[in-house]
Amino acid sequence: PWLGGRLSEALLGDRSDSLYFLGGVTVCVLLVQLGSRIVGRLGVARVGDELLLDLRQRTFDHLQHLPIAHHEQRKRGDQLSLLTTDAQSISAFLSGALPGLVPMLLTLAGALAMLAWLRPLLALIVVLTVVMAVVVLRFWMRVIRRRARTWFDSQSETVDVAEQAIEMLPMIKAEACEPRQRDAYLS
């Protein structure tokens, strides 16, 4: 803000000598900010990839150590989905959304503190509105979880059918059952 104010002052005033200096400083600051964002995102992406690899390896090791009875009770698609989709979702959350949570919470706390200092009644209204929104979201999340579970089950079934079809591909081709297998995959 200070730099922007000085630049505006130089633009509107008679100080053309400081205009070039402040313009150059502004461009440098923006380039440093852009560079730091790029480096930060590359770092987060690298950490996310390492986390995903580690999570998949641990899950695979865990699945290998489970008794045969466990594997016989579960569909293969569930276990494949656990290794791929679930691990990727957790990795994306931990490397994407979680690092930005602390700065957002600090910004929120600071904004609420300033609002409470300047306009206490408005701050109270904002806090009550947020609390009501959280309560409504909690109930809404139950519906979303049920739908997500249904979606997960259908994804698991799709992966299971695809895996069985790939395993049986020589037999399917020999029997000319491709249309029936395609219908089973689509359902």
Side-chain angles (χ1 to χ4, degrees), residues 1-59 62 78 81-159:
W2 176 84
L3 187 59
R6 296 290 171 241
L7 185 60
S8 299
E9 193 177 274
L11 279 172
L12 298 174
D14 294 334
R15 302 170 51 192
S16 62
D17 57 334
S18 64
L19 177 64
Y20 295 116
F21 174 73
L22 289 173
V25 170
T26 302
V27 168
C28 289
V29 166
L30 291 175
L31 287 175
V32 167
Q33 186 180 22
L34 175 66
S36 66
R37 281 187 182 174
I38 290 172
V39 168
R41 287 187 181 171
L42 287 174
V44 166
R46 185 180 55 81
V47 167
D49 288 344
E50 290 174 2
L51 182 66
L52 179 61
L53 178 64
D54 184 52
L55 190 56
R56 283 183 176 166
Q57 285 175 335
R58 287 178 180 219
T59 305
H62 178 74
D78 286 346
S81 179
L82 185 65
L83 282 172
T84 57
T85 310
D86 294 359
Q88 190 169 1
S89 297
I90 292 169
S91 172
F93 172 72
L94 292 176
S95 65
L98 206 55
L101 189 62
V102 172
M104 277 194 297
L105 289 175
L106 288 174
T107 303
L108 175 68
L112 280 176
M114 286 300 293
L115 187 60
W117 183 54
L118 295 172
R119 305 265 180 167
L121 182 60
L122 185 59
L124 180 65
I125 292 171
V126 167
V127 169
L128 290 176
T129 303
V130 168
V131 168
M132 286 179 14
V134 167
V135 169
V136 168
L137 264 173
R138 297 237 343 139
F139 288 113
W140 190 41
M141 287 305 293
R142 290 179 184 167
V143 174
I144 290 174
R145 278 191 209 109
R146 276 184 290 213
R147 289 184 180 175
R149 184 67 199 168
T150 302
W151 179 83
F152 173 76
D153 290 343
S154 69
Q155 286 292 104
S156 175
E157 186 69 31
T158 301
V159 170

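Note that the structure is predicted; figures quoted are calculated from it, not measured.
Every residue meeting the side chain to side chain contact (heavy atoms under 4.5 Å, CB included) condition with Leu31, not counting sequence neighbours, appears here in chain and number order: Val27. Contacts of Ile125 classified as side chain to side chain contact (heavy atoms under 4.5 Å, CB included), with partners at least two apart in sequence or in another chain: Leu121, Thr129. In this view, Leu106 and Val102 satisfy the side chain to side chain contact (heavy atoms under 4.5 Å, CB included) rule, not counting sequence neighbours. Judged as a side-chain hydrogen bond (donor to acceptor under 3.5 Å, both in side chains), and not counting sequence neighbours, Arg119 has no contacts. With sequence neighbours excluded, the residues that form a side chain to side chain contact (heavy atoms under 4.5 Å, CB included) with Arg147 are Val143. For Arg46, the salt bridge (Lys or Arg N to Asp or Glu O under 4.0 Å) partners at least two apart in sequence or on another chain are Glu50.
Between Arg145 atom CZ and Met141 atom CE the span is 5.5 Å, to the nearest 0.5 Å. Taking CG of Leu108 as the reference point, atom CG of Leu115 lies at 10.5 Å (rounded to 0.5 Å).
Closest non-hydrogen pair, Pro120 versus Ala116, comes out as CG-O, 3.4 Å.
For the pair Thr150/Arg146, no side-chain contact is recorded, criterion being any heavy-atom separation below 4.5 Å from C-beta on.
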Would you check, one step at a time, whether the test side chain to side chain contact (heavy atoms under 4.5 Å, CB included) holds for Met104 with Thr107? CA-CA 5 Å; Met104 277 194 297; Thr107 303; 5.7 Å; no

